[in-house]
Amino acid sequence: MSTHAPVRTADFAALAERILPAPVWDFLAGGSGEELTPAANRAALDRVTLVPRVLTGSAGRTTGADLLGTAAALPLAVAPMAYQRLLHPEGEAATARAAKAAGVPFVLSTLSSVPVEEITALGADTWFQLYCLRDRAATTELVRRAERAGCSALMVTVDVPVMGRRLRDLRHGFALPPEVAPAHLDPAATGRAHDRRAGSSAVAEHTAEAFASDLDWDDLARLRADTRLPLIVKGVLDPRDAARAAALGADAVVVSNHGGRQLDGAAAAVDLLPAVREAVPDGCRVLLDSGIRTGTDVLKALALGADGVLLGRPVLWGLAVDGEQGVREVLRLVESELRAALTLSGCAGPADARRLDVRGVAR
């Protein structure tokens with residue numbers, strides 16, 4: 001492989017795959033089942049094309065955007081991703097510092113390997129991602145803990161009643177090493193996450209024991225009533241679900257198929273984005289997750305009605321390669337690509353993207 005510096009996020013993927021042990025790389029890169037949905041996410045984004053405008057006079061002036069009250073330097077937040085100390089000893093702390101430096105929100109997972117209090121102390125604009133637990137009192141305490149720590153939004157994930165059947169993890173008998181653990185859960189209840197057995201995923205077995213599998217709309221309504229934080233509902237594809245979440249008081253929805261890690265064969269997230277945007281009121285923000293890799297992908301999402309995106313796997317590729325500096329470089333590449341795409345499409349900034357003519361997705 002070339003020793004040249006990475007010039008796109010995919011270059012970090014190639015480097016990370018070389019560095020990481022195979023079970024860890026597959027935990028990061030894999031989807032569920034036959035991995036049809038990760039491929040569909042990429043194919044759908046590639047199918048979208050834009051019709052640029054010319055002679056606009058102020059193209060590429062800014063990449064800034066408002067994300068739930070945050071004046072972000074880019075229309076993106078770092079997606080919630082579990083167990084980042086698998087990839088680098090500093091884990092989520094390194095990623096949060098890089099997000100702060102880039103001026104974008106950092107979404108901390110319930111399954112973080114670094115506790116929320118340590119992350120918010122770094123000064124990053126932190127949103128807390130919530131998995132609802134079987135123990136409802138423990139779920140409430142997680143919300144309170146996020147509030148006390150100073151998180152500025154709560155993102156509840158609703159598409160994981162159980163973890164998808166991830167064949168790469170099953171083949172490896174994947175389990176967490178002793179030095180990596182879910183920092184927000186009771187250690188007495190998480191031992192199974194370290195119990196390696198052939199043909200099984202210890203992480204999937206642990207989450208099956210810990211997560212509530214019977215969430216319904218009443219649970220979302222109770223959560224809305226129980227927190228003062230802006231509420232983001234992640235894992236929505238059907239516009240009817242998006243509309244109902246907004247009616248119950250969600251401040252934002254995330255159009256997402258969990259990066260292809262849940263239902264194999266689920267629709268590509270970007271294909272549902274325009275219908276979800278149409279289904280919710282203007283006051284409800286819409287974010288796109290699943291498959292975003294480049295600044296041009298970000299522009300496509302904005303043009304189709306998103307207020308911003310969540311950037312996931314590329315951040316972890318950077319973390320694996322060079323810790324905080326690797327994440328900084330990934331975010332810098334995406335910023336450079338987005339600024340170029342805005343300039344070449346005739347957009348002064350992200351807000352202009354919705355004026356573009358978009359081909360390849362029914363609107």
Side-chain angles (χ1 to χ4, degrees), residues 13 16-17 20-46 79-84 86-87 107 109-112 129-133 155-176 180 182 192-193 195-215 233-238 241 254-273 287-293 297 309-317 320:
E17 185 173 8
L20 294 171
V24 175
W25 169 254
D26 281 342
F27 177 73
L28 161 59
S32 64
E34 301 301 316
E35 301 189 352
L36 301 174
T37 299
N41 284 332
R42 191 60 255 163
L45 280 161
D46 289 343
M81 295 171 287
Y83 305 126
Q84 293 182 30
L86 281 169
L87 308 173
V107 190
S109 174
T110 291
L111 297 178
S112 170
Q129 177 269 334
L130 178 71
Y131 283 120
C132 291
L133 307 176
M155 178 181 289
V156 58
T157 295
V158 295
D159 61 353
V160 188
V162 295
M163 188 175 286
R165 193 167 185 267
R166 302 173 190 173
L167 303 187
R168 299 198 205 193
D169 294 349
L170 296 177
R171 292 184 182 114
H172 287 297
F174 184 76
L176 297 179
V180 178
R192 178 165 288 193
D195 183 14
R196 185 183 184 281
R197 290 189 297 113
S200 70
S201 165
V203 172
E205 292 185 3
H206 154 62
T207 55
E209 289 184 347
F211 291 179
S213 61
D214 58 349
L215 291 182
V233 178
K234 178 178 181 287
V236 173
L237 288 175
D238 194 304
D241 290 338
V254 182
V255 184
S256 172
N257 55 36
H258 217 94
R261 291 163 74 81
Q262 285 301 103
L263 174 65
D264 194 32
V270 72
D271 282 341
L272 277 302
L273 174 57
L287 305 177
L288 178 69
D289 174 66
S290 301
I292 299 294
R293 299 290 180 266
D297 290 343
V309 305
L310 301 184
L311 186 67
R313 284 183 177 96
V315 168
L316 297 186
W317 301 338

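- Considering only heavy atoms from C-beta on, Val203 comes within 4.5 Å of Phe174 through its side chain.
- Using a 4.5 Å heavy-atom cutoff, the side chains of Val255 and Leu287 are not in contact.
- Between Val156 and Cys132, the closest side-chain pair of non-hydrogen atoms falls below 4.5 Å.
- Other residues, nucleotides and ligands place more than 12 heavy atoms under 6.0 Å from the CZ atom of Arg42.
- Using modelled atom types, one finds a donor on one side chain and an acceptor on the other under 3.5 Å when comparing Ser290 with Asn257.
- Seen from the ring of Phe27, Arg261 counts as a face-on cation partner, given the 6.0 Å and 45° thresholds.
- The minimum heavy-atom distance linking Pro80 with Gln129 is given by the pair CB-CB, 3.6 Å.
- Side-chain contact check for Leu288 versus Val270: some heavy-atom pair is nearer than 4.5 Å.
- Within the 4.5 Å cutoff, no side-chain heavy atoms of Ser112 are placed close to those of Tyr83.
- Partners of Ala40 according to the side chain to side chain contact (heavy atoms under 4.5 Å, CB included) rule, which considers only residues two or more places apart in sequence or in another chain, are Ala268.
- Tested against Met81, the residues Val315, Leu28, Leu87 include a single side-chain contact (heavy atoms from CB on, under 4.5 Å) partner, Val315.
- Residues that satisfy the side chain to side chain donor-acceptor pair (under 3.5 Å) test with Asp169, not counting sequence neighbours, are absent from this structure.
- Side-chain atoms of Asp26 do not come within 3.5 Å of backbone N or O of Arg168 as any donor-acceptor pair.
- Proximity of a side-chain donor or acceptor of Arg313 to a complementary backbone N or O of Gly259 within less than 3.5 Å is detected.
- Checking side-chain atoms of Thr37 against main-chain N and O of Gly265 turns up a donor-acceptor pair under 3.5 Å.
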Walk me through it: do Tyr131 and Leu111 pass the test side chain to side chain contact (heavy atoms under 4.5 Å, CB included)?
-> CA-CA 8 Å; Tyr131 283 120; Leu111 297 178; 4.1 Å; yes

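- Looking at heavy atoms from C-beta onward, Pro314 lies in side-chain contact with Arg293 at the 4.5 angstrom threshold.
- Panel note: side chain Ser213, backbone Pro161; no donor-acceptor pair is recorded below 3.5 Å.
- Looking at Gln262, its side chain never comes within 3.5 Å of a backbone N or O of His258 through a donor-acceptor pair.
- Between the Arg196 side chain and the His172 main chain, a donor and an acceptor come within less than 3.5 Å of each other.
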